[in-house]
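To start, the structure itself, in structure tokens.
Since this is a predicted model, take the numbers as computed values, not measurements. Starting from 1, each residue takes its place in the sequence as its number. Order of listing sets the numbers, starting from 1, for every ligand and every atom in it.
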Amino acid sequence: MDKLVPSLPTPLQLLTDDIISKAGIQLYIKRDDLIHPEVSGNKWRKLKYNLDDALRQGKDTLLTFGGAYSNHLYATAAAGKALNLHTIGIVRGEVANEKLSPTLVFCQSQGMKLVFISREEYKRRHDPIYIHELLHSFGNPYFIPEGGSSALALRGVGEMVEEVHAQSGIRPDYFATAVGTGGTAAGILSVGSNVIAFSALKGGDFLERDIQMLLENRQETGKLNLQTDYHFGGYGKWKPELLTFIRGFHNRHAIQLEQVYTAKMMFGLFDLMQKGFFKPGQIVVAVHTGGLQGLLPELRQM
Ligand SMILES: *Cc1c(COP(=O)(O)O)cnc(C)c1O
């Protein structure tokens with residue numbers, strides 16, 4: 001792991017503006033986007049113990065799943081390169097000879113072997129029999145599930161919560177995070193903190209169950225508040241209103257959000273503040289989970 005030294009602890013910044021003061025809360029942002037230039041945000045937190053485990057087992061190859069714009073594939077490719085591990089990315093529904101997404105071009109540049117499968121086959125990504133066969137056919141590499149959201153991922157995310165306590169003494173009423181697979185939300189819950197989880201996908205109600213599954217009957221977890229109305233049309237989709245929000249947020253706070261995850265969370269948080277969701281005096285820590293590699297170029301502000 002020495003070659004993958006991150007900048008820890010990541011800063012915890014207090015945000016101030018009119019909406020936040022009207023709501024009477026203290027809103028902090030945990031800058032995990034600054035954790036590592038390529039293995040950013042929650043992907044570093046989730047990969048940490050998976051990579052440790054792979055190295056301990058003496059594996060020389062990692063195999064994982066993702067879509068053509070997956071921050072997790074991007075992070076895994078960079079981490080594998082830094083640690084001298086081969087990486088195999090099983091990619092959803094892309095035809096190999098079509099133009100590759102910038103994310104996949106990067107993955108290849110890091111030496112990741114890309115294997116394209118149909119959307120139909122991709123649906124089997126959690127099926128133990130399918131995974132077993134797949135691993136066998138690639139000489140039994142170390143397996144990391146989609147999004148990096150394994151049981152080991154929860155431990156790494158839990159450390160982010162401990163880091164907040166250690167650097168500030170703060171025990172927030174809520175953490176806020178964007179949700180894709182639910183690993184990050186589950187990791188925060190697993191150490192007893194409450195989470196407001198903003199689904200980046202449409203029809204995200206199923207995430208409640210996915211998050212509970214990841215928690216594997218743990219006792220004394222935090223409480224989950226799942227918000228499913230801030231998806232802006234679905235995963236990877238957005239509306240002009242969201243892009244306007246990203247620009248406005250940058251103007252007020254000089255912090256860059258991206259349109260796939262973190263802006264949906266922050267938009268949702270500000271909407272909840274305006275709707276009186278919070279009690280005055282409450283403390284909220286919004287996690288900047290990174291993902292800026294996937295930022296729309298026209299939104300990049302200096
Ligand atoms: C992957 C990702 C998420 C979603 O995390 P899950 O643990 O899969 O729910 C949120 N934000 C960013 C920036 C991500 O890259």
Side-chain angles (χ1 to χ4, degrees), residues 10 29-50 64-79 89 92 101 103 106-107 125-126 144-161 175-190 195-201 204-215 224 226-228 230-232 234-236 238 242 246 255-269 286-296 299:
T10 60
I29 185 164
K30 178 65 171 160
R31 296 294 305 276
D32 269 11
D33 55 315
L34 302 175
I35 208 167
H36 187 277
E38 283 153 353
V39 189
S40 89
N42 63 347
K43 299 307 184 283
W44 191 91
R45 303 277 185 190
K46 293 199 286 182
L47 280 171
K48 178 179 176 189
Y49 287 107
N50 282 293
T64 194
F65 287 92
Y69 295 89
S70 162
N71 293 331
H72 166 66
L73 281 187
Y74 188 101
T76 305
R92 175 186 61 215
S101 69
T103 300
F106 173 84
C107 289
R125 68 192 177 280
H126 300 303
I144 303 174
E146 181 187 51
S149 295
S150 64
L152 287 172
L154 272 56
R155 203 169 136 204
V157 174
E159 287 181 355
M160 184 276 297
V161 173
F175 278 83
T177 185
V179 180
T181 62
T184 305
I188 299 169
L189 292 164
S190 73
V195 175
I196 313 174
F198 295 88
S199 173
L201 5 117
D205 290 317
F206 71 91
L207 289 165
E208 183 103 32
R209 201 174 147 264
D210 284 9
I211 292 170
Q212 291 311 331
M213 296 268 288
L214 283 163
L215 285 167
L224 171 65
L226 179 64
Q227 298 284 329
T228 55
Y230 300 105
H231 56 74
F232 289 86
Y235 181 71
W238 65 84
L242 187 67
I246 291 174
I255 295 173
Q256 181 77 63
L257 303 173
E258 47 67 57
Q259 75 285 351
V260 182
Y261 292 105
T262 49
K264 292 180 182 181
M265 166 197 68
M266 200 58 86
F267 184 102
L269 257 185
V287 186
H288 194 321
T289 42
L292 293 170
Q293 70 90 10
L295 180 68
L296 287 175
L299 289 173

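To the nearest 0.5 Å, atom CG of residue Leu73 and atom CZ of residue Phe65 are 10.5 Å apart. Taken from CD1 in Ile246 to CD1 in Ile255, the straight-line distance is 13.5 Å, to the nearest 0.5 Å. Atom NZ of Lys264 is separated from atom CD of Glu258 by 9.0 Å, given to the nearest 0.5 angstrom. One distance of note links OG1 of Thr289 with CG of Leu257; it measures 9.5 Å at 0.5 Å rounding.
In terms of polar-atom proximity, Gly290 is not counted as a contact of ligand 1, lacking any N or O under 3.5 Å from an N or O of the ligand. Checked by distance only, ligand 1 and Thr184 come closer than 3.5 Å through their nitrogen or oxygen atoms. Residue-to-ligand polar distances keep Tyr261 apart from ligand 1: every N/O pair is separated by 3.5 Å or more.
Side-chain contact between Thr10 and Arg45: present, with at least one pair of heavy atoms (C-beta onward) separated by less than 4.5 Å. Residues Lys48 and Leu152 form no side-chain contact, since every pair of their non-hydrogen atoms from C-beta on lies 4.5 Å or further apart. Counting heavy atoms from C-beta on, the side chains of Leu154 and Leu215 come closer than 4.5 Å.
Phe232 and Phe267 have perpendicular rings, their planes meeting at more than 60° on a 0 to 90° scale where under 30° would count as parallel.
Residue-ligand proximity: Lys43 is placed with a non-hydrogen atom under 4.0 Å from ligand 1. Using 4.0 Å as the threshold, Gly147 has no heavy atom nearer than that to any atom of ligand 1. Judged by the shortest distance from any of its heavy atoms, Gly41 lies outside the 4.0 Å radius around the atoms of ligand 1. Residue contacts with ligand 1 do not include Ala185, since none of its heavy atoms lies under 4.0 Å from the ligand.
When each atom of ligand 1 is checked for a heavy atom of Gly291 under 4.0 Å away, the hits are 13 (C). The Gly180 neighbourhood of ligand 1 comprises atoms 4 (C), 5 (O), 6 (P), 8 (O), 9 (O), with distances under 4.0 Å to a heavy atom of that residue. Heavy-atom contacts of Lys46 reach the following atoms of ligand 1: 5 (O), 6 (P), 7 (O), 8 (O) (cutoff under 4.0 Å). Those atoms of ligand 1 with a heavy atom of Gly183 less than 4.0 angstrom away are 6 (P), 7 (O), 9 (O). Close approach of ligand 1 to Val179 (heavy-atom distance below 4.0 Å) involves ligand atoms 9 (O).
With a 4.0 Å cut-off on non-hydrogen atoms, Asn42 touches ligand 1 through its side chain and not its backbone.
Thr289 OG1, 2.7 Å is the protein heavy atom nearest to atom 11 (N) of ligand 1. For atom 8 (O) of ligand 1, the closest non-hydrogen atom on the protein side is Thr181 OG1, 2.6 Å.
Of all non-hydrogen atoms in Glu38 and Ala78, the two that sit nearest each other are CB-CB, 3.7 Å. Across all their heavy atoms, Ala185 and Ile211 have their closest contact at CB-CD1, 3.9 Å.
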